[in-house]
Student: 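Sharing a structure, written as structure tokens. Questions coming.
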Amino acid sequence: MKLLVLTTRLFERPANGGELCTARLLAALWAQGHELHVVGRGPAPPDGEGLRFSSLGPAVPPAAEMPALARAASLAAACWRRQAWTVHRTGAGGALARARRLLRKAANEADLVIVDHLQAWAWLEAALPGTPRPLMLVMHNLESDGYRPRNTTPQGTEGWADTARARLQRWVLAREARLLRSLEDRALRHAGAVACLNDDDARVLRERMAALGGRGRVEVLPGYPLQGPASLRPHDAAAAASAATPGAGHCIGLIGTWTWAPNRRALQWVLSQVRPRLPAGCTLVLAGAGLEQVADAPGVVKLGRVADVATFYAGIDVLALAALDGSGVQEKAIEALGTGLPVVATPLALRGLQPLPEGVRVAEDAAAFAEACTAALAQAPHRQSPAALAAWSQQRRQRYDAALAACLTAALAGAPPATPGVAPSVTPSVVPVATQQAASPP
């Protein structure tokens with residue numbers, strides 16, 4: 001089949017959880033023999049056989065990484081246009097106009113349109129309002145829920161400036177959640193199939209779709225350690241992991257995109273609640289973007305973005321996966337489990353990954369988490385059996401392939417009758433993903 005895939009960010013090698021999820025989707029579709037035209041923001045990777053990329057403009061940085069003045073101007077423009085801030089940023093700089101021109105032609109050449117990330121649905125609406133066609137939506141998480149305001153009002157003797165800043169933040173979050181909820185509702189009404197990443201999200205999406213009168217199918221895509229074309233394997237974009245990790249035998253690693261609010265909250269919990277309970281001489285090694293605001297402290301090493309995630313894994317003894325809130329799936333947990341490293345995780349960090357490989361320690365409160373990390377360090381450098389890990393990964397990979405095929409079929413079957421200028425529905429051909437082998441470990 002000819003598939004048009006809309007995604008918010010193009011990349012040659014995935015550098016964060018969202019990009020890992022997109023890379024797995026593209027790798028699976030490519031492995032099934034589909035012809036892909038991928039449209040998004042960022043530098044277009046080199047085209048390959050059955051794989052073509054079109055860029056709508058430069059990649060958009062997260063709001064937390066934007067200069068203060070640019071961030072304020074972007075928010076003001078989103079308010080003036082009555083758009084969600086994340087939606088406005090994906091369409092800024094002429095990207096929305098380019099999307100209109102490109103999609104009006106490309107969508108009619110495709111058998112199916114796949115929208116990867118909710119914000120990309122706004123591109124489709126702008127380019128093809130009300131045009132019936134086979135549509136599939138991939139929800140990495142429940143976007144509107146992720147922006148629901150928490151209690152950020154300063155307590156105690158904070159000054160009026162801090163209080164005003166907290167109130168503004170709550171207003172921005174509430175506005176974003178409301179507008180993204182409206183976009184989600186429109187997408188759920190019209191998508192013939194919706195793919196998400198865990199059973200909890202699937203239950204919520206089914207209930208909401210039924211309440212909205214949508215008739216699409218909701219499927220869970222169970223992630224697995226990424227396999228596929230070399231350009232789609234995990235690899236961070238910037239170099240920073242050359243520093244040696246001190247304290248061999250006592251290194252606990254955490255990796256993530258720390259500009260994302262749920263990740264920041266989890267990291268703060270580890271630093272403030274778990275770290276004081278760890279044994280003396282233990283080192284926390286932090287990797288990923290967004291560590292600039294983390295204060296220096298004894299026993300904490302900040303690597304920032306790492307040039308090679310495999311080098312990071314090789315330099316630690318235990319990997320800690322902490323998640324306290326949010327939806328979707330912790331992509332770094334999937335990749336970490338594939339390394340065979342000893343893993344300590346909160347229950348939420350392992351959501352959607354059951355059954356788990358043997359030896360994964362699960363702890364919910366700070367004391368139990370620290371105790372589990374201490375026990376894991378005592379057994380380091382013990383790793384899981386490669387055969388057991390391969391079997392776990394293969395099982396999830398086969399389930400992913402089956403769920404993806406079900407989504408494609410449902411999206412085609414749920415499309416309205418063909419209209420002039422719209423490609424007719426066809427039956428997707430499926431080649432087992434399991435036949436694809438990676439050139440090197442993820």
Side-chain angles (χ1 to χ4, degrees), residues 1-8 10 21-40 44-45 47-56 98-118 120-139 186-196 209 214-219 221 228-229 232 400-433 435-436:
M1 266 197 308
K2 293 183 178 181
L3 305 178
L4 174 62
V5 183
L6 311 184
T7 189
T8 52
L10 299 179
C21 184
T22 298
R24 188 181 297 113
L25 173 69
L26 298 180
L29 292 169
W30 178 84
Q32 291 179 0
H34 300 297
E35 183 177 332
L36 306 181
H37 182 186
V38 186
V39 177
D47 294 341
E49 184 178 354
L51 191 61
R52 179 160 61 105
F53 296 91
S54 295
S55 176
L56 299 176
R98 286 187 284 272
R100 285 194 184 103
R101 292 193 297 269
L102 190 151
L103 295 182
R104 283 169 185 163
K105 178 182 178 182
N108 287 334
E109 296 174 346
D111 300 309
L112 174 67
V113 179
I114 299 176
V115 180
D116 174 57
H117 287 290
L118 175 70
W121 191 274
W123 293 341
L124 189 71
E125 286 185 329
L128 304 165
T131 303
R133 64 194 59 247
L135 298 172
M136 173 180 161
L137 172 66
V138 181
M139 294 278 288
R186 298 196 300 274
L188 291 174
R189 285 192 190 98
H190 293 100
V194 178
C196 61
M209 183 177 284
R215 294 183 294 178
R217 177 168 182 158
V218 178
E219 286 283 343
L221 299 179
L232 300 179
Y400 186 103
D401 188 54
L404 182 58
C407 278
L408 297 178
T409 301
L412 290 168
T419 56
V422 179
S425 300
V426 296
T427 302
S429 59
V430 177
V431 177
V433 172
T435 62
Q436 299 293 323

Student: Search all heavy atoms of Y400 against all heavy atoms of A28 and return the closest pair with its distance.
Tutor: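 Reported closest heavy-atom pair: CE2-CB, 3.6 Å.
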Student: Check this for me: R215, atom CZ, are more than 12 non-hydrogen atoms of other residues, nucleotides or ligands nearer than 6.0 Å?
Tutor: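 Incorrect, the count does not exceed 12.
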Student: Rounded at 0.5 Å granularity, tell me how far CG in L36 sits from CG in L25.
Tutor: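 Output value for this atom pair is 8.5 Å.
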Student: Taking ring pair (Phe, Tyr, Trp, His ring centres under 6.0 Å) as the definition, give me every residue that meets it alongside H190, ordered by chain and number, with sequence neighbours left out.
Tutor: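 For H190 there are no ring pair (Phe, Tyr, Trp, His ring centres under 6.0 Å) partners, ignoring immediate neighbours.
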Student: At what distance, to the nearest 0.5 angstrom, does CG of L221 lie from CE of M139?
Tutor: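 Atom-to-atom, L221:CG and M139:CE are 12.5 Å apart.
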Student: What is the minimum heavy-atom distance between A187 and L118, and which atoms define it?
Tutor: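 Scanning both residues, the minimum pair turns out to be CB-CD1, 4.3 Å.
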Student: Just to verify, which of L112, I114, L103 counts as forming a side chain to side chain contact (heavy atoms under 4.5 Å, CB included) with L4?
Tutor: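 Output: one option passes, namely L103.
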Student: Could you tell me whether a side-chain N or O of D116 sits under 3.5 Å from a main-chain N or O of T8, the two making a donor and an acceptor?
Tutor: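 It does not hold such a pair.
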Student: Atom CE of M209 and atom CG of L188: how far apart are they, to the nearest 0.5 Å?
Tutor: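 Interatomic distance, M209 CE to L188 CG, rounded to 0.5 Å: 5.0 Å.
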Student: Within this structure, what is the CD-CG distance for the pair E35 and D111, rounded to the nearest 0.5 Å?
Tutor: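 Here the interatomic distance stands at 9.0 Å.
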Student: Identify the two heavy atoms, one from A191 and one from V194, that lie closest to each other, and give their separation to 0.1 Å.
Tutor: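 Shortest heavy-atom contact: CB-CG2, 4.0 Å.
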Student: Of the non-hydrogen atoms in C407 and A193, which two are nearest, and what is the gap between them?
Tutor: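 It is O-CB, 3.3 Å.
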Student: Keeping the roles fixed (side chain from R98, backbone from L56), state whether a donor-acceptor pair exists under 3.5 Å.
Tutor: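 Yes, the answer is positive, given that a donor and an acceptor are paired below the 3.5 Å cut-off.
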Student: If you define the side chain from C-beta out and look only at heavy atoms, does anything of M136 sit under 4.5 Å from L404?
Tutor: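 Of all side-chain heavy-atom pairs linking L404 with M136, at least one is under 4.5 Å.
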Student: Can you name the side chain to side chain contact (heavy atoms under 4.5 Å, CB included) partners of A126, sequence neighbours left out?
Tutor: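 Here the qualifying residues are L96, R100.
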Student: My understanding is that only one of L6, T22, L137, V138 makes a side chain to side chain contact (heavy atoms under 4.5 Å, CB included) with H117; could you say which?
Tutor: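 That would be T22; it is the only one of L6, T22, L137, V138 passing the side chain to side chain contact (heavy atoms under 4.5 Å, CB included) with H117.
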Student: By side chain to side chain contact (heavy atoms under 4.5 Å, CB included), which residues pair with C21, not counting sequence neighbours?
Tutor: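 Partners of C21 under the side chain to side chain contact (heavy atoms under 4.5 Å, CB included) test: H140, L197, E331.
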Student: So L135 and L124, do their side chains get closer than 4.5 Å, heavy atoms only?
Tutor: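 They are in contact (side-chain heavy atoms under 4.5 Å apart), so the answer is yes.
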Student: Mind listing the closest non-hydrogen atom pair of H37 and L102 along with its distance?
Tutor: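 Between these two residues, the closest heavy atoms are CE1-CD2, 4.2 Å.
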Student: Does any non-hydrogen side-chain atom of V115 lie less than 4.5 Å from one of W123?
Tutor: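 When only atoms from C-beta onward are counted, V115 and W123 do not touch, as no gap falls below 4.5 Å.
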Student: If I take atom CG from residue L3 and atom CH2 from residue W30, how far apart are they, to the nearest 0.5 angstrom?
Tutor: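 L3 atom CG to W30 atom CH2 measures 14.5 Å (nearest 0.5 Å).
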Student: Minimum heavy-atom separation for R104 and A127, please, with both atom names.
Tutor: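 Of all heavy-atom pairs spanning R104 and A127, the closest is NE-O, 3.2 Å.
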Student: As an exercise, state the distance from CG of L408 to CG of L412, rounded to the nearest 0.5 Å.
Tutor: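 It comes to 7.0 Å.
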